[in-house]
2 protein chains.
Amino acid sequence: MNIKEIARRARVSHSTVSRVINNVETVDPRLVRRVQAVIEEVGYRPNFQARALARGRSHTVGLIVSELSGGNPFFSEIILYFERAAVESGYEVLISFADTEVRPDHVAICATRMQERQVEGIAVLTFGMEHYLQNCAIDVPMVYAGADNVLKNSRNIRMNYLTGMRDAVKHLADYGHQRIGYLSGQLSWSSMLTRFEAFRKAMKSAGMVFDKELVAEFDHTWDGGALGMASLLNLPKPPSAVLCCNDVSAIGALKTLNSKGLQAGRDMALIGFDDLTMCRFTQPALTTIRFSPSEIAGLAFRALLEEIENAENKTQYEYKTRFILRESTCAPKL
Amino acid sequence: MNIKEIARRARVSHSTVSRVINNVETVDPRLVRRVQAVIEEVGYRPNFQARALARGRSHTVGLIVSELSGGNPFFSEIILYFERAAVESGYEVLISFADTEVRPDHVAICATRMQERQVEGIAVLTFGMEHYLQNCAIDVPMVYAGADNVLKNSRNIRMNYLTGMRDAVKHLADYGHQRIGYLSGQLSWSSMLTRFEAFRKAMKSAGMVFDKELVAEFDHTWDGGALGMASLLNLPKPPSAVLCCNDVSAIGALKTLNSKGLQAGRDMALIGFDDLTMCRFTQPALTTIRFSPSEIAGLAFRALLEEIENAENKTQYEYKTRFILRESTCAPKL
DNA sequence: TTGTAGGCGTTATCAG
DNA sequence: CTGATAACGCCTACAA
């Protein structure tokens with residue numbers, strides 16, 4: 001079923017049908033009704049591809065997230081809220097999981113595939129794999145989040161890790177902690193590095209001594225967190241408080257603590273990062289640094305839209321993390 | 001940059017360029033090289049939309065999941081594995097979150113939108129909202145999972161909830177539990193109803209008495225689980241074991257138990273459903289019934305592909321749940 | 001206000 | 001083996 005068939009049945013030209021579909025004002029109301037009746041009757045829906053081709057606009061945007069985090073609810077929420085924002089503005093979203101772990105160039109492959117699909121813009125929310133796109137010729141607007149260097153034709157949403165990190169460290173300092181550990185994902189990921197550096201900076205500005213020994217670098221998964229905490233506990237002098245690079249690894253760390261008969265919020269202070277819904281349901285409820293997927297996804301889409309529609313005054317978006325106090329911290333145990 | 005421009009630069013007709021792009025064997029190797037050189041030089045990539053229009057195939061499929069579960073890692077994994085399977089077979093995936101909670105007809109809206117985009121098939125993995133599609137004219141193949149009634153032009157992947165449920169109940173019976181409770185999501189969701197019925201059937205075949213009082217119907221979220229467990233604990237005679245409709249609600253239930261100073265695996269036996277990665281990291285590790293998102297997503301895509309390509313012998317896929325023993329069960333506490 | 005003709009970037013069918 | 005030419009379904013001048 002197509003526009004011509006509708007035209008034939010309604011005894012008008014296909015241009016008229018096109019006008020009706022696109023709500024052009026100047027069509028005779030009687031024709032409008034006649035055409036709409038036929039459309040209704042046969043259940044016709046315009047072919048988006050053809051429309052896109054003719055108009056030169058696909059009304060589709062791409063979203064790339066990283067695959068490693070497939071089981072990570074953080075990305076689940078990113079996708080949900082990005083899609084919602086897109087649909088609200090009349091866009092559809094094509095999604096790709098970049099296997100950044102095994103194939104660093106996979107981000108570029110995904111982006112290229114999307115471009116062939118004529119997406120009008122791409123949001124790369126991998127938080128630290130963006131540099132792999134450097135030598136890949138994408139000519140649609142792109143938006144990153146928390147990238148360190150911004151390519152041309154693209155936009156970066158600044159991630160202020162420091163705001164939340166500073167309050168977290170201050171909170172621990174107020175409790176009297178001297179030995180604050182850090183559980184990191186792989187520092188080759190720029191977002192992991194950035195978080196880590198924010199941590200160091202926060203330590204410094206709180207007047208705390210930073211001890212390299214107290215940093216465990218594993219990966220930002222459940223297992224990574226569990227292993228990392230185990231390695232920290234194995235130190236001759238373990239930390240009395242640990243800040244984690246994300247909630248998922250903090251939950252892994254929680255597991256290790258429990259298996260040793262220790263409890264966060266009593267025997268050790270533990271702080272996560274992201275503020276997943278789940279944090280309220282861990283035992284104890286996880287104190288964390290909010291890095292809201294819904295807000296970030298929203299900002300990313302808005303920025304992308306500005307870029308696509310070449311908005312006059314482009315906002316420089318910045319997302320500020322913030323400290324969320326729950327129950328997993330305590331004074332240092334003697 | 002398009003096929004004609006390439007043709008001009010390579011001094012051939014655009015048909016020849018098209019042949020080169022599509023690896024047609026019969027082209028003079030010298031021309032092939034000349035064309036490829038130009039393509040390489042200008043970084044040309046074919047326009048998928050135009051191609052889809054000409055070929056009458058979009059090589060795109062739709063995936064609808066339910067929005068309520070946005071923060072639920074289960075769907076995050078569904079999306080990941082579905083996308084991966086699709087890309088492997090040369091398809092792209094358009095994703096939609098159906099807001100089944102607030103707008104029951106939203107599934108139909110999503111499906112319609114997808115059809116306008118010329119998807120070649122749609123997988124509806126909402127596990128129980130399929131009936132809302134009944135009076136909506138979609139004319140591409142669809143695949144459901146665990147739907148009760150199958151519409152025409154569509155396929156259902158049978159979900160065998162019973163296999164896992166039976167072993168779970170048997171496990172509890174072996175421990176000597178007499179009062180087994182059930183924590184359900186809203187029974188208006190057919191998947192929730194089906195799970196519940198599987199539970200009853202399992203109880204029956206284990207020779208257990210089913211007590212309606214021990215069923216709490218909230219919703220299958222963290223909060224729903226927490227509230228549900230609270231209501232069960234408030235009963236004059238609370239159950240000694242509880243089976244939950246999914247892991248997320250089981251984790252919520254865990255929270256309530258903890259807040260009352262009770263511990264699953266010591267004071268009460270608790271069993272989840274889904275087997276999220278996270279189950280290994282709850283405290284205690286959650287015994288559950290495996291309902292693997294990766295396997296289900298894989299089956300769904302395979303079935304959809306068969307439907308799209310009109311395969312000769314269509315497989316009747318069935319997914320069998322299975323019991324996964326961890327640490328959250330115990331004998332009934334006296 | 002309506003219809004005709006041409007174009008969007010491809011593929012596919014023919015002659016040559 | 002190659003190159004016109006006509007689709008695919010829709011939009012959009014421009015002409016009537």
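Order of the sequence lines fixes the chain letters, A, B, ..., with proteins taken first and strands second; residue numbering starts at 1 for each chain. Just so it is clear, the values below take in all heavy atoms, side chains as well, and ignore hydrogens, waters and symmetry mates.
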Undergrad: Do any side-chain atoms of residues 17-33 of chain B form donor-acceptor pairs under 3.5 angstrom with protein atoms, and if so which ones, sequence neighbours left out?
TA:
from: B:N22; atom 1: ND2; to: B:S18; atom 2: O; distance (Å): 2.8
from: B:D28; atom 1: OD1; to: B:R30; atom 2: N; distance (Å): 2.8

Undergrad: Please check: side-chain N/O of A:E120 versus main-chain N/O of A:S58, any donor-acceptor pairing under 3.5 Å?
TA: yes
Undergrad: Within residues 12-19 of chain A, find the residues that approach DNA chain C with a heavy atom at under 4.0 Å, and present them sorted by residue number.
TA: A:V12, A:S13, A:H14, A:S15, A:T16, A:R19
Undergrad: Keeping A:N47 on the side-chain end and A:Q49 on the backbone end, is there a donor-acceptor pair under 3.5 Å?
TA: yes
Undergrad: Is a side-chain donor or acceptor of A:Y319 paired with a backbone partner of A:G146 at a separation under 3.5 angstrom?
TA: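 Looks like no, no N/O pair under 3.5 Å.
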Undergrad: Are the ring centres of A:F301 and A:Y81 closer than 6.0 Å?
TA: no
Undergrad: Can you pull the ring pair (Phe, Tyr, Trp, His ring centres under 6.0 Å) pairs that have at least one residue in residues 41-63 of chain B, sequence neighbours excluded?
TA: B:H59-B:Y91
Undergrad: Please list all pairs passing the salt bridge (charged side-chain N to carboxylate O under 4.0 Å, His left out) test where one or both residues lie in residues 85-98 of chain A, with sequence neighbours left out.
TA: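 Every salt bridge (charged side-chain N to carboxylate O under 4.0 Å, His left out) pair that includes a residue of residues 85-98 of chain A, provided the two are not neighbours, is A:E92-B:R113, A:E92-B:R117.
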Undergrad: What range of DNA chain D does chain A touch, first nucleotide to last, counting atoms under 4.0 Å from its heavy atoms?
TA: D:dG9 to D:dA13
Undergrad: Backbone N or O of B:M192 within a donor-acceptor pair of the B:Q186 side chain at under 3.5 Å?
TA: no
Undergrad: Testing the basics here: between A:Q118 and B:P46, what is the closest heavy-atom pair and its distance to 0.1 Å?
TA: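 Nearest heavy atoms, A:Q118 then B:P46: OE1-O, 4.5 Å.
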Undergrad: Hey, what do you get for NE2 (B:H220) to CH2 (B:W189), rounding to the nearest 0.5 Å?
TA: 4.5 Å
Undergrad: If we ignore hydrogens and angles and just use 3.5 Å, is the side chain of A:H106 paired with the main-chain N or O of A:D99 as donor and acceptor?
TA: yes
Undergrad: If you walk 5' to 3' along DNA chain C, what is the first nucleotide with an atom under 4.0 Å of a heavy atom in chain B, and what is the last?
TA: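 Here the contact window of chain B covers C:dG9 to C:dT13.
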Undergrad: So, for A:A303 and A:I157, which heavy atoms are closest and what is the spacing to 0.1 Å?
TA: CB-CD1, 4.3 Å
Undergrad: Please enumerate all residues that pass salt bridge (Lys or Arg N to Asp or Glu O under 4.0 Å) together with A:E306, with sequence neighbours excluded.
TA: A:R155
Undergrad: I'd like to know if the side chain of A:E307 reaches the main chain of A:M142, judged simply by a donor and an acceptor atom lying under 3.5 Å from each other, with no hydrogens or angles considered.
TA: no
Undergrad: For DNA chain D, determine which residues of residues 1-9 of chain A have any heavy atom closer than 4.0 angstrom to one of its atoms, and list them numerically.
TA: A:N2, A:I3
Undergrad: Can you name the residues that form a salt bridge (Lys or Arg N to Asp or Glu O under 4.0 Å) with B:R11, not counting sequence neighbours?
TA: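 By the salt bridge (Lys or Arg N to Asp or Glu O under 4.0 Å) rule, B:R11 matches no residue at all.
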Undergrad: Where each residue is assigned the nucleotide of DNA chain D containing its nearest heavy atom, which of B:L53 and B:P29 is assigned the position nearer the 5′ end?
TA: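 Mapping each residue to its closest nucleotide by heavy atoms, the 5'-most match is B:P29.
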Undergrad: Roughly how far, to the nearest 0.5 Å, is CD1 of A:I296 from CZ of A:F74?
TA: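 Nearest 0.5 Å value for the CZ-CD1 distance: 4.5 Å.
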Undergrad: How bent is the helix from C:dT1-D:dA16 to C:dG16-D:dC1, measuring the angle between the end axes built from five pairs each, rounded to 10°?
TA: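 Axis angle across the helix from C:dT1-D:dA16 to C:dG16-D:dC1, nearest 10°: 50°.
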Undergrad: Is there any salt bridge (charged side-chain N to carboxylate O under 4.0 Å, His left out) pair reaching into residues 34-51 of chain B, and which pairs are they, with sequence neighbours excluded?
TA: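 Qualifying pairs, neighbours excluded: A:E116-B:R45.
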Undergrad: Under 4.0 Å, heavy atom to any atom of DNA chain C: which of residues 31-49 of chain A qualify?
TA: A:L31
